Amino acid sequence: MATREQKIQILQALVIITEMTDTKWSEATLDAVVQELAAYDFNQVHKALNRVRREHKGRLTLAAILDFLDDGYPSADEAWALVADGMTSESLTIVIPEIAQLAAGDARTLWTCGDKYGARQAFLRMYERMKAEKQSEPCRWVVEAGTDKEQRDMKIKEATAQG
């Protein structure tokens, strides 16, 4: 949770960004957005707001700010690529966010029935929903061990090295 001083810094940055993007927000809206962002790590919020200021085009929304927030979770497409690799071959070990593992449940059934497009769509919807619910929590990674011992050891060492 952000300190009072950090909330003031967030508010000041939002005022500047809303002016730069010709966005009109009431004080109540600004306060609500500050409270929403205060649940995240301040340094991540600060970086996101700097990126928004430099890169965002168009009117400002909370969703746009959250899109710039590096919350440690891969995008749904990136997570799908990891999960799909694991579904393609039982020998592969994959390291994925816990929510990707959960979202892959129904997708696996569709995948094994041959509906790869449906599997991907089901996964993407579920992953995005779970990510939205967990976004202020740190990403928890899990290992789905494949049968190839050498590849498994290599993936676990890589994941450990990356933290």
Side-chain angles (χ1 to χ4, degrees), residues 1-2 6-7 10 14 17 29 31-52 54-163:
M1 182 61 90
Q6 290 171 334
K7 288 179 183 178
I10 293 169
L14 287 172
I17 295 167
T29 301
D31 285 344
V33 172
V34 167
Q35 291 307 315
E36 181 83 23
L37 295 175
Y40 298 93
D41 176 75
F42 175 74
N43 291 326
Q44 290 176 337
V45 171
H46 183 69
K47 287 177 188 174
L49 291 173
N50 281 335
R51 286 190 59 212
V52 168
R54 289 189 308 269
E55 301 173 30
H56 183 70
K57 294 175 177 63
R59 296 215 175 214
L60 186 64
T61 64
L62 176 58
I65 295 168
L66 294 177
D67 284 344
F68 282 92
L69 189 65
D70 180 9
D71 56 8
Y73 288 89
S75 71
D77 286 325
E78 292 168 325
W80 172 249
L82 296 169
V83 167
D85 281 348
M87 286 189 215
T88 303
S89 172
E90 290 182 13
S91 67
L92 293 179
T93 294
I94 57 173
V95 181
I96 57 174
E98 183 179 48
I99 63 170
Q101 185 181 44
L102 297 170
D106 291 339
R108 274 192 177 87
T109 304
L110 292 168
W111 182 276
T112 56
C113 291
D115 186 0
K116 293 180 180 179
Y117 177 79
R120 181 178 184 276
Q121 294 309 308
F123 173 86
L124 295 176
R125 281 193 301 276
M126 183 61 76
Y127 182 84
E128 288 293 349
R129 186 176 316 128
M130 293 174 141
K131 183 178 172 185
E133 291 171 5
K134 302 268 188 188
Q135 199 160 25
S136 63
E137 299 174 22
C139 183
R140 212 168 151 260
W141 293 81
V142 295
V143 174
E144 285 195 1
T147 58
D148 182 335
K149 184 174 176 7
E150 286 181 31
Q151 192 266 347
R152 179 176 57 234
D153 293 344
M154 183 185 69
K155 275 290 186 183
I156 292 172
K157 285 178 185 173
E158 282 177 14
T160 303
Q162 293 176 1

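Quick caveat, the model's predicted, so the values are computed rather than measured.
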Taking C-beta and beyond as the side chain, do Tyr73 and Ile99 meet within less than 4.5 Å on heavy atoms? yes

Working to the nearest 0.5 Å, report the span between CG of Leu110 and NZ of Lys116. 13.0 Å

Quick one: ring-ring contact (aromatic ring centres under 6.0 Å, His included) partners of Trp111, sequence neighbours excluded? Trp80

Crowding at CD, Glu90 (>12 non-hydrogen neighbours, <6.0 Å): no

For Lys134, look at atom NZ and say whether over 12 heavy atoms of other residues, nucleotides or ligands are found less than 6.0 Å away. no

May I ask you to decide if Val142's main-chain N or O and Glu98's side chain share a donor-acceptor pair within less than 3.5 Å? no

Does the distance from a Lys or Arg side-chain N to an Asp or Glu carboxylate O, for Asp153 and Lys149, drop under 4.0 Å? yes

Flag if over 12 foreign heavy atoms under 6.0 Å of CG, Asp106: no

Can you tell me how far NZ of Lys47 sits from CZ of Phe42, rounded to the nearest 0.5 angstrom? 11.5 Å

Does Glu144 pair with Arg108 as a salt bridge, N-O distance under 4.0 Å? yes

Note: Val45 and Tyr40 closest approach over all heavy atoms is CG2-CB, 3.6 Å

Check whether any side-chain heavy atom of Phe68 sits under 4.5 Å from a side-chain heavy atom of Asn50, and report yes or no. no

Could you go through Ile17 and Ile65, starting from their C-alpha distance and side-chain angles, then the distance that decides it, and tell me whether this counts as side chain to side chain contact (heavy atoms under 4.5 Å, CB included)? CA-CA 10 Å; Ile17 295 167; Ile65 295 168; over 6 Å; no

Looking at CG of Leu69 and CZ of Arg51, how far apart are the two atoms once the value is rounded to the nearest 0.5 Å? 9.5 Å

Give the minimum heavy-atom separation between Glu128 and Ala76, together with the two atoms involved. OE2-CB, 3.1 Å

So do the side chains of Asp77 and Arg120 get within less than 4.5 Å of each other, counting heavy atoms only? yes

Any side-chain heavy atom of Leu66 sitting closer than 4.5 Å to one from Thr61? no

Is a side-chain N or O of Ser91 found less than 3.5 angstrom from the main chain of Gly146, in a donor-acceptor match? no

So, does Gln151 use its side chain to make a donor-acceptor pair with the main chain of Thr93 at under 3.5 Å? yes

CG on Asn43 to CG on Asp70, rounded to 0.5 Å: 12.0 Å

Nearest 0.5 Å, please: how far is NE2 in His56 from CG in Leu49? 12.0 Å

From CD (Gln35) to CD1 (Ile10), nearest 0.5 Å: 9.0 Å

Looking only at heavy atoms, the pair that brings Ala100 and Phe123 closest together is O-CE1, 3.4 Å

Test item: Asp148 and Arg152 side chains (from C-beta on) under 4.5 Å apart, heavy atoms: no

